Each structure stands twice: as structure tokens, then as C-alpha cells.
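Beneath this line is the structure, given in C-alpha cells, with notes to follow.
Everything numeric in this text was worked out from a predicted model, so none of it was measured. Just follow the structure's listing: the first ligand is 1, and inside any ligand the first atom is 1. Sequential numbering from 1 along the given sequence is applied to the chain's residues.
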Amino acid sequence: MPATLHAACPHDCPDTCALLVTVDAGRVIKVQGDPAHPPTHGALCTKVSRYPERTYHAERVLQPLKRVGPKGSGRFEAVGWQEALSDIAAKLKAIAARDPEAIVPYSYAGTMGLLQGESMDRRFFHRLGASLLDRTICASAGGEALTATYGGKLGMHLAHYADSRLILIWGSNSIASNLHFWTFAQQAKRNGAKLVCIDPRKTETADKCHQHIALLPGTDGALALGLMRELIVNDWLDHDYIARHVEGWPALRERAMQWTPERTAEVCGITPDEVRGLARDYGTTKPAAIRLNYGMQRVHGGGNAVRLVAILPCLVGAWRDAAGGMLLSASGWFKRFRNEAALQRPDLLAARRPRTINMVTIGDDLLRDSSPEFGPKIEALIVYNSNPVAVAPESPKVVKGFAREDLFTVVLEQFMTDTADHADYVLPATTQLEHLDVHTSYGHTYAMFNEPAVAPLGHAKPNTQIFRELAAAMGFGEACFRDDDETLARAALREVDFDALRRDGWLKLPLPDAPFAGGGFATPSGKCVIDAPGLGVPDFVANHESALSAPELARRYPLAMISPPARNFLNSSFVNVASLRDIEGEPLVEIHEADALPRGIADGATVRLFNDRGSYLCKAKLSARARPGVVNALGIWWRKLGLEGSNVNELTHQRLTDIGRAPSFYDCLVEVAPAAAS
Ligand SMILES: Nc1nc2c(c(=O)[nH]1)N[C@H]1C(S)=C(S)[C@@H](COP(=O)(O)OP(=O)(O)OC[C@H]3O[C@@H](n4cnc5c(=O)[nH]c(N)nc54)[C@H](O)[C@@H]3O)O[C@H]1N2
Ligand SMILES: Nc1nc2c(c(=O)[nH]1)N[C@H]1C(S)=C(S)[C@@H](COP(=O)(O)OP(=O)(O)OC[C@H]3O[C@@H](n4cnc5c(=O)[nH]c(N)nc54)[C@H](O)[C@@H]3O)O[C@H]1N2
Ligand code: SF4
Ligand SMILES: [Mo]
């Protein structure tokens, strides 16, 4: 008799779907969306409906592997767990005896689970006194900007979008990367709402909106200021809401008045009428909602842009209605429920205050020597839940760093990724179907439970278990290293009925429907903050690389390149699932014919994208999805599956955003030429 269990999608996706997993004779035969969970409503994306294909993939790493060839050659031999763990512990002990900060953990959201993502691992590194990691690679520009403005990563409830009359889908390709929001947006559309997509790329989401505004990358802050001016001059402001619930408006009002539709249009690469029309829609339609997403904050001025957009719903009083306001991230709603200190045990650091390494600049940092400013040279790297060799910016440097023969690298992985290829040891990790976990979400407000459906395959182990055993091998005697996963799961969330959560697989947090209808922002004053401490009044900040900020560079590299996700991959995950890779075809760059024809580039031609940092070979697709002046090189392919063993991050740089120390992946100038000619 097949059995069905409750699980949660572990991927770095705002939807955090509730799964029903069917097991027959010890094998998962089906993964479906839970029809009872309102955000999931029984539907999964194409990627995760193929999850069994990923778990039972013939290329799963199922035993510990030890390097036998040169660094990066991908040549390994199988070894036992005992041998692997004692050798790793001996190496780490020797380094820690000199300086534990020479050891660096590197992890991100390969799984978003509170257990497999941020529990026993954190305890291990805290006890060791290793360097801390600033986990900035995705969302910290927007996240810190939103926190400065609203006091937390807080926003609208997903389901209320169905009742909005106007939805601005801003820097988000919802159909590809936030599918379960799109369902509610479509419901609103059927009820007569207008949908506007604000995105340099004409995405599949833009195709289905009433209007598409194809601004230049990194100009969202200017657009928000231009909208503010129109709201002011046409008196579409909610003066009462501003007076009661907004702090610091006069200074921003003055700044916004300088952004005429003409100036705004010029900077954004759109028309003055597009600015006027959008402002009219936003100023006169109620309730109006914004679905802002992280795509628009991967540029130099990403933080300021998020602050400016987040102020808009306060100016028109959109928050008065549950179906008005904005959502960038909902993760802050979980803050009061999450018991991070219990799971991660920062107290194990005792009085030590290790340095912090920014994961974005791992390329530069792996190539640094010891110095008073930097601290010790990085001697060991322990990577899990991430594939930095493929996803971190400026890969020529990242690869050079990972190829260092004197670097000791341990990678916990499910597959032989580009990063695992550079390991000294690869330790086999379980997938979501094989381990226990508890999840929060950044796109909805339900806590989630993941029951293991089957025993670990081969010799794979959950991350928690690997760090437990590594702690034992290091001789860490604290009782907390013996907590099992059930103990960790019970400690993960406060004020949540654990047994009900486990029984149903999900549980809605008790939260207000229209959270800021009467103000009540999570800031010290309870107001939306404009003049934030240390940040000042928000302003438009131009890209690191643009005609505006770097005209000489723009003459040599006149095309702006963005590299948003491909629909059937999740960052670099699933690139190795054949059925999904077949849908995506091959690495490609979308280019408008106005840019292609003068360069002699035909549809389907092999082209070279290049700048001072490197070059990347892929196929050109002449497409109206690209606007003139901007090319879209969809990510994130495994390097070893690229045309010449590289991917788009060969071209990106390590410069940081204005707020949040984040990468500016979509702030990147390139030139493109037919491959033969370059
Ligand atoms: N299928 C799929 N789903 C995913 C992912 C995936 O790889 N594949 N990744 C997951 C992760 S980790 C994240 S963080 C989210 C990412 O999802 P989003 O937060 O939506 O961010 P992106 O996909 O990076 O970019 C979204 C859109 O922003 C556009 N964009 C680029 N630059 C700018 C700009 O300067 N201004 C504006 N207005 N728009 C811009 C891009 O063209 C893209 O269409 O999705 C998650 N979901
Ligand atoms: N050019 C460009 N670069 C980008 C982006 C972009 O849009 N353009 N997007 C950026 C963004 S938004 C993000 S979030 C990052 C994402 O970058 P990463 O966080 O590195 O995400 P993935 O590429 O999905 O890699 C996650 C890895 O974790 C592994 N994994 C999954 N579950 C487990 C587990 O339980 N245990 C262990 N040990 N391993 C597990 C998977 O097999 C996978 O190889 O990339 C960034 N890089
Ligand atoms: S990747 Fe996103 S849409 Fe797909 S199943 Fe997971 S949470 Fe749902
Ligand atoms: Mo991300």
C-alpha cells in the first residue's frame, strides 16, 4: 500500500510549496502539491514535480570521495566515512591550532530548511571559532533597505493580491520564479485588475500583463522618484496617512520634485508618457499593490531603489487596504517565532569575535595573503548548500582561488557540481526526501514541516548528521552536538504547535490581514522611515557600470548585461536533470536585432560576450525579449556544461551594492561579437 507524507519544497524560492510525497515499497513514486495548502493549491512548478528524478539521479554522490587528481580535475576515489572524517578533523585541527579564522564556512540556500541549512553547522563553526560568513549573495541589499524603511522584511499577504485592482510586478519574473504569486495575480486580472510589468526583459510574465515598461537595468530608483513627482503635482497623495505614519517626507518631496517625466524617462530609457501613465494608474487606482522582487536590487543602487519603491504605497495610503501595499519579502513575519539562538548557539563563540568574510567577494578573498586588515589567509573552506564556483561573481578569480593547491576544501553535496570538482573531500548529502526539516518562507506566512519519506540513499547523510559526526571527530564534547534532528525541529519555532505542524505539514502564522492600515511599522517610531539613520534620504544611485557613471567603459562595452534565472533551473540546481536541461536547450544570450545586425550576429550564431574581466561563449538568440542596449544571458549553467567550460559569471564583478554588501550581478557592461571574429 503506498503511503503519503507531508513535505516542504526546500528550494530558494519564495513559494515554499507544501508537498505530498507518495512512497511505495521504500521508494518515492510521486511528489505533488498539497491542494489543502492555500499558497500551493495543489500545483508545483515543472522542476519540483520532477523531484524524484533528482533524488534518484544516476549521478548522485552516494559515498565520501577523496581527491586523487590535481585540484579541479574532478578525479576522486571512494573512501569510508571513518577515514574521511578523521582525516578532515586532523586537517582542521592543525589549521585551528594556528588560527581557527583561517577556516571559512561557505553556505547559502541550497536548502532553506532551518535544520539542514542553519543549525548543527552553525554550532560547529561557532564552537570552532571559524570565520563568520556574511550571507549576502541574493537579498541583503533589498532586505536591509526594507528593514530601514519598514523595520523588517514585512509585506502583504500573498492571497490578498487576488483582490487588488492594480498590480505592479516590479523586477520579478513571477511565472518563472514566483509561480504561486502569479496565480493570485491572474485571479485579480480576471476580476478586472490591471497588471503592469516593470522589467528590462520582456519576460513570459510581461507577455501576460496589460503593460510592460522596459526600463534600463538599475534605473528603478529614478522611476520611483519620477512617479513621486507626478503624485505630488497631481495631488494623488494620501495626506492623512503621510502625516500620521510617514517620517521625513518633506526632504524627499523636495528631491522628487527634481524628477520631471522627461528627466526620468531619459535616465530610465523609456518615454515621459510611460512615467505619466504609470503615475496616473498608481495614484488613482485603489487598492494598488506592488510585487517587488529581488531582480531589481542586484545593481549598485539596489538598496536605495528598494527604499524609494517601498515609500510609494505609504504616499498613496495603499496600506489602508489588505489588497494594497507591497511585498518584497515576508520572512520578517517569522522573526518572533524563530528561535535562532537555540538552533545556532552563537554562545559557543564565548568571548571570541571572528572576522566576517563576505560570500560575494570569495574570488578576491581566496587570493589574499594574511594581512592585519584581512586577518589570516584562507586555508580551509567547508562548502554546503551552495555552488560558489558557478554562482559567485567574477568566476575567473573564484576558479583560481578554488584551484589553489594549498587550500583544503570540503564540499557537502548531492552532485558533482563545479564546486565539488574542486574539493579535497566530497561528502554525500541527502535530499529533501531523505531528511527531516522545518521551514519558514519569504513569500508566504505559513510554517512548514518536512517529514523524511525514505531512508538516506547509499551512504548519504543529512548535513546535520555530517556536522554532528565532524564535531565528534574534532572532540567537541558539548551536549548540543548530540541533539538529534527531532530535538532540533522541536526547538526551531516558538509559539507554534509542533504536533499540529507535523501532522498537517503546514500552519498559518497568526498575523493581521492589513498589517500597516493604521501605521504600526516595526521601526522605533512605528512610522515608515525616509531619513534612515546612517543612510540619509534615499536617492537614485547609478550603476557601477553604465554610460551615466562610466562613459569611457561604456564606449568600449556598450551593452548592459543582465543574467536572470532560466525558468527550468533553480540557480544552478537542476541543470544536471536531463529532462529540464532539454527544455532550456543550451546556454544563450537574448539580443535585440538592433544590436545584433550591426555586429553581424545572426539568430543561432555562436557569440562571444566579453569585457575586461573575461569572456563567455554561448548561442545568440535574436529576440524581442531583449530591449535595445540590453542583453539577457540567462543563468546559471554549470560551467562544465557550457560551450567552453564557463558560464555567465565569467563576466560579472565583485563590486557591492549601496546597502547590504550585496553583489551587483545585473550591473555589468559587455560587448558581443560573432565567435569566429573575436
Ligand atoms: N525558476 C526559477 N525560480 C527561482 C529561481 C531560479 O533560478 N529559477 N531563483 C530563486 C531565487 S534564489 C531568487 S532570489 C528568486 C529570484 O527571483 P526574482 O526576485 O524575481 O529576481 P530575478 O529572477 O533575479 O529577476 C527578476 C526580474 O528582474 C529583472 N531585472 C533585472 N534587472 C532589473 C532592474 O534593474 N530593474 C528591474 N525592474 N528589473 C530587473 C529580470 O529581467 C527578471 O525578469 O527566484 C527564486 N525562484
Ligand atoms: N550571474 C548570476 N549569478 C547569480 C544569480 C543571478 O541571477 N545571476 N543569482 C544569485 C542568487 S539570487 C543566488 S540565491 C545564488 C544561489 O546560489 P546557490 O546558493 O549556490 O544555489 P544553487 O546554485 O542552487 O546551489 C545550491 C547547491 O546546494 C546543494 N544542496 C541542496 N540541498 C542540499 C542539502 O540538503 N545538503 C547539501 N550539502 N547540499 C544541498 C545543491 O545540490 C546545489 O548544488 O546565486 C547567485 N548567482
Ligand atoms: S521551486 Fe518554488 S514553485 Fe517550485 S515547488 Fe519549490 S517552492 Fe514551489
Ligand atoms: Mo536568490
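Looking at Cys138 against ligand 1, only its side chain comes within 4.0 Å, counting heavy atoms. Using a 4.0 Å cut-off between heavy atoms, Leu570 contacts ligand 3 through its side chain alone, with no backbone atom that close. Contacts of Leu179 with ligand 3, taken as heavy-atom pairs under 4.0 Å, are absent altogether. Of the heavy atoms in Asn571, both backbone and side-chain atoms come closer than 4.0 Å to ligand 1. Counting heavy atoms under 4.0 Å from ligand 1, residue Ile562 touches it through the side chain alone. Residue contacts with ligand 1, taken as heavy atom pairs separated by less than 4.0 Å, involve Tyr294 via backbone and side-chain atoms alike. Looking at Ala566 against ligand 1, only its backbone comes within 4.0 Å, counting heavy atoms.
Under 3.5 Å, the side chains of Glu274 and His212 contain no donor-acceptor pair of N or O atoms. A donor and an acceptor atom, one from each side chain of Asn632 and Arg625, are nowhere located under 3.5 Å apart.
In this structure, the ring of Phe449 has its center no less than 6.0 angstrom from the ring center of His6. Taking the ring centroids of His180 and His41, they lie under the 6.0 Å cut-off.
Applying the 4.0 Å criterion to heavy atoms of Ser177 picks out, from ligand 1, the atoms 3 (N), 4 (C), 17 (O), 18 (P), 20 (O), 45 (O), 46 (C), 47 (N). Annotation for ligand 1: atoms under 4.0 Å from non-hydrogen atoms of Asn173 are 20 (O), 26 (C), 27 (C), 44 (O). Set against the non-hydrogen atoms of Phe569, the atoms of ligand 1 under 4.0 Å away are 1 (N), 2 (C), 6 (C), 7 (O), 8 (N). Atoms of ligand 3 found under 4.0 Å from any heavy atom of Cys45, numbered from 1 in the order shown, are 1 (S), 3 (S), 4 (Fe), 5 (S). Under a 4.0 Å criterion applied to the non-hydrogen atoms of Thr203, ligand 1 contributes the atoms 44 (O). Heavy-atom proximity to His180, at under 4.0 Å, picks out these atoms of ligand 3: 3 (S), 8 (Fe). In the vicinity of Trp170, heavy-atom distances shorter than 4.0 Å reach the ligand 1 atoms 38 (N). Atoms of ligand 1 found under 4.0 Å from any heavy atom of Lys47, numbered from 1 in the order shown, are 1 (N), 2 (C). Heavy-atom proximity to Met296, at under 4.0 Å, picks out these atoms of ligand 1: 34 (C), 36 (N), 37 (C), 38 (N). Every atom of ligand 1 with a heavy atom of Pro565 under 4.0 Å away is listed here by number and element: 6 (C), 7 (O), 8 (N), 22 (P), 23 (O), 24 (O).
Residue-to-ligand polar distances place Gly218 within reach of ligand 1: an N/O pair is separated by less than 3.5 Å. An N or O contact shorter than 3.5 Å is missing between Pro217 and ligand 1 by distance. Every N/O-N/O distance between Leu216 and ligand 1 stays at or above 3.5 Å. Considering backbone and side-chain atoms together, Thr219 places no N or O closer than 3.5 Å to any N or O of ligand 1. Not a single N or O atom of Pro14, backbone or side chain, sits closer than 3.5 Å to an N or O atom of ligand 1. Looking at Arg201 next to ligand 1, no N or O pair under 3.5 Å apart turns up. Where the criterion is an N or O separation shorter than 3.5 Å, residue side chain and backbone included, Arg567 meets it with respect to ligand 1. Backbone and side-chain nitrogen or oxygen atoms of Arg298 are examined, and one is located within less than 3.5 angstrom of a nitrogen or oxygen of ligand 1.
Between His11 and Phe574, the ring planes are tilted. Angles from 30° to 60° get that label. Aromatic ring pairs are classed by plane angle as parallel below 30°, tilted from 30° to 60° and perpendicular above 60°; the pair Tyr442 and Tyr294 is tilted. Aromatic ring pairs are classed by plane angle as parallel below 30°, tilted from 30° to 60° and perpendicular above 60°; the pair Trp506 and His37 is tilted.
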- Stepwise side chain to side chain donor-acceptor pair (under 3.5 Å) check, Asn647 with Trp638: CA-CA 7 Å; Asn647 73 14; Trp638 284 17; over 6 Å; no
- Task: Would you please test Val196 and Ile169 for side chain to side chain contact (heavy atoms under 4.5 Å, CB included) and show each step?
- Result: CA-CA 6 Å; Val196 182; Ile169 301 180; over 6 Å; no
- Message: Run the side chain to side chain donor-acceptor pair (under 3.5 Å) test on Tyr108 and Asp12 for me, step by step, so that the C-alpha distance in whole Å, both residues' side-chain angles and the decisive distance to 0.1 Å come before the verdict.
- Response: CA-CA 9 Å; Tyr108 200 63; Asp12 188 352; 4.8 Å; no
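Ranked by closest heavy atom to atom 29 (C) of ligand 1, the top entry among Thr46, Asp199, Asn178 is Asp199. In this structure, of Gly171, Ala305, Pro564, the residue bringing a heavy atom nearest to atom 26 (C) of ligand 1 is Gly171.
The protein atom (non-hydrogen) at minimum distance from atom 5 (S) of ligand 3 is Val48 CB, 3.4 Å. The shortest contact between atom 6 (Fe) of ligand 3 and any protein heavy atom is with Cys9 SG, 2.3 Å. Scanning the protein heavy atoms around atom 2 (Fe) of ligand 3, the nearest turns out to be Cys13 SG, 2.3 Å.
Inclusion of Cys17 in the first shell of atom 8 (Fe) of ligand 3 is supported: an N, O or S atom falls under 2.8 Å. Inclusion of His11 in the first shell of atom 6 (Fe) of ligand 3 is not supported: no N, O or S atom falls under 2.8 Å.
Using 4.0 Å as the threshold, Asp220 has a heavy atom nearer than that to some atom of ligand 1. Remark: distances from the non-hydrogen atoms of Leu215 to ligand 1 include one below 4.0 Å. Heavy-atom distances between His11 and ligand 1 stay at or above 4.0 Å for every pair. Within the structure, the closest approach of Gly635 to ligand 1 does not fall below 4.0 Å when heavy atoms are considered.
Separation of atoms OG1 (Thr205) and CZ (Phe181) is listed at 9.0 Å; rounding is to 0.5 Å. Separation of atoms CG (Leu651) and OH (Tyr616) is listed at 8.5 Å; rounding is to 0.5 Å.
A salt bridge links Lys202 with Asp207: at least one charged nitrogen is closer than 4.0 Å to a carboxylate oxygen. Between Glu545 and Arg613, at least one side-chain nitrogen of the basic residue sits less than 4.0 Å from a carboxylate oxygen of the acidic one, meeting the salt-bridge criterion.
For the side-chain hydrogen bond (donor to acceptor under 3.5 Å, both in side chains) test with Arg661, the passing option among Asp134, Thr136, Thr361 is Asp134; the others fail.
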